[in-house]
*Asks:* 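Attaching a single structure in structure tokens format; questions to follow.
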Amino acid sequence: MDLGLKGRKALVLGASKGIGLGIASALAAEGVDLLLAARSAEAVEANAQKLASEHGVGVKAKAVDLADPASVAALIGWARDEGEVAILVNNGGGPPPSGALGVPPERWTSHFQSMVASLIAVTDAMVPAMRSNGFGRVLTVASSGVVQPIPTLAVSNTLRASIVAYMKTLAGEVAADGVTVNVLLPGRINTDRLRNLDKARAEKSGESIEDIAKASQAEIPAARYGTVEEFGAVAAFLSGVPAAYVTGSIIRIDGGLIRAVGG
Ligand SMILES: NC(=O)c1ccc[n+]([C@@H]2O[C@H](COP(=O)([O-])OP(=O)(O)OC[C@H]3O[C@@H](n4cnc5c(N)ncnc54)[C@H](OP(=O)(O)O)[C@@H]3O)[C@@H](O)[C@H]2O)c1
């Protein structure tokens with residue numbers, strides 16, 4: 001299938017590794033020029049060089065800290081200077097494990113900044129040009145926890161619910177202008193983040209990481225963790241021209257992990 005993406009430009013946040021890099025790679029394979037950003041300048045620069053040489057696309061990189069509004073403002077200025085962004089991938093880090101009680105107020109605030117306010121700021125800056133061009137794609141990586149809250153990730157469950165509400169509202173505002181807005185829910189994709197969460201659970205329970213991972217995979221109907229390539233493929237399809245009628249949707253990429261029908 002021709003996704004009609006050749007020569008378009010995407011801004012991918014959280015693109016130093018994991019899901020963000022998986023999406024960037026899938027888009028590069030479709031001929032999309034890329035702007036990559038994450039805190040690690042070295043990692044995004046190395047990814048830029050690799051993707052450019054592997055796929056013959058233009059790739060530039062910049063360091064950004066989504067927890068820092070000044071850094072986000074600089075990113076927005078840079079992305080605008082680089083030309084029109086047709087595809088925005090909102091992605092970044094997740095919070096450390098915690099329950100709902102006893103989280104210090106400042107932790108709620110700082111994660112709200114990095115996981116919600118900064119993503120809204122970047123979206124707000126990128127969408128007007130998409131509307132004028134009559135084509136745009138906004139993809140936001142959230143978590144299966146927005147459908148079925150994960151008991152050990154209260155901050156993630158709570159703040160991601162808010163970004164989902166924002167994106168759903170936005171989808172209705174811009175759909176008639178050719179801009180689609182969708183949220184992707186990873187459920188146990190094999191990345192550093194997942195491995196660190198398994199490690200934390202192992203340390204808490206005294207079991208080995210291997211046993212924790214085995215038990216975790218046994219809860220998934222697909223009986224395994226997903227790959228960033230599988231995640232990237234879904235994101236690339238949703239970025240494409242043929243996916244023009246998919247908007248305001250929450251798409252699970254979770255091997256069937258969430259058993260509920262709705263959401
Ligand atoms: N993997 C899963 O199964 C799963 C499940 C549910 C939800 N999620 C969520 O999906 C997102 C991506 O997951 P992942 O597994 O790919 O995580 P990951 O391996 O930890 O990668 C996170 C990415 O975000 C960047 N990042 C982190 N903090 C940042 C900040 N303050 N400013 C800018 N960039 C930042 C990281 O790069 P730098 O460190 O260089 O900044 C990295 O590129 C996360 O929010 C995660 O919580 C993942």
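Residue numbers run from 1 in the order of the sequence given. Counting starts at 1 for both ligands and their atoms, in listed order. Because the structure is predicted, anything quoted here is derived from the model rather than measured.
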*Asks:* How about Glu42 and Ser40: does a side-chain donor come under 3.5 Å of a side-chain acceptor?
*Replies:* no
*Asks:* With a 3.5 Å cut-off and no angle check, do the side chains of Asp65 and Ser71 form a donor-acceptor pair?
*Replies:* no
*Asks:* In this structure, would Leu27 and Ile253 fall into the same cluster of hydrophobic residues linked by side-chain contacts under 4.5 Å?
*Replies:* yes
*Asks:* Identify the closest protein heavy atom to atom 32 (N) of ligand 1: which residue and atom is it, and at what distance?
*Replies:* Leu66 N, 2.8 Å
*Asks:* Consider ligand 1: state whether an atom of it lies below 4.0 angstrom from any non-hydrogen atom of Met115.
*Replies:* no
*Asks:* Arg201 pairs by side-chain contact (heavy atoms from CB on, under 4.5 Å) with which of Thr152, Ile212, Asn196, Asp211?
*Replies:* Ile212
*Asks:* Starting from atom 26 (N) of ligand 1, find the nearest protein heavy-atom neighbour and note its residue, name and distance.
*Replies:* Gly93 N, 3.6 Å
*Asks:* Test your reading of the structure: does Leu194 have an N or O sitting under 3.5 Å from an N or O of ligand 1?
*Replies:* no
*Asks:* Report the nearest protein non-hydrogen atom to atom 25 (C) of ligand 1: residue, atom name, distance rounded to 0.1 Å.
*Replies:* Gly14 CA, 3.7 Å
*Asks:* Going by heavy-atom distance to atom 11 (C) of ligand 1, choose the closest among Val72, Asp254, Leu21, Asn91.
*Replies:* Asn91
*Asks:* Taking Glu210 first and then Lys214, would you say they form a salt bridge - that is, a charged N and a carboxylate O separated by under 4.0 Å?
*Replies:* no
*Asks:* How far is atom 22 (C) of ligand 1 from its nearest protein heavy atom, and which residue and atom is that?
*Replies:* Gly92 O, 3.9 Å
*Asks:* Side chains of Asn190 and Arg195: any donor to acceptor distance under 3.5 Å?
*Replies:* yes
*Asks:* Does Ala15 approach ligand 1 within less than 4.0 angstrom via side chain, backbone, both or neither, non-hydrogen atoms only?
*Replies:* backbone
*Asks:* What protein heavy atom sits nearest atom 14 (P) of ligand 1, and how far away is it?
*Replies:* Thr191 OG1, 3.6 Å
*Asks:* Hey, are Thr123 and Asn90 close enough side-chain-wise for a donor-acceptor pair under 3.5 Å?
*Replies:* yes
*Asks:* Of all the non-hydrogen atoms in the protein, which one sits nearest to atom 3 (O) of ligand 1, and at what distance?
*Replies:* Ile189 N, 2.6 Å
*Asks:* Under 4.0 Å from a heavy atom of Gly94: give me the atoms of ligand 1 that qualify, with their elements.
*Replies:* 44 (C), 45 (O), 47 (O)
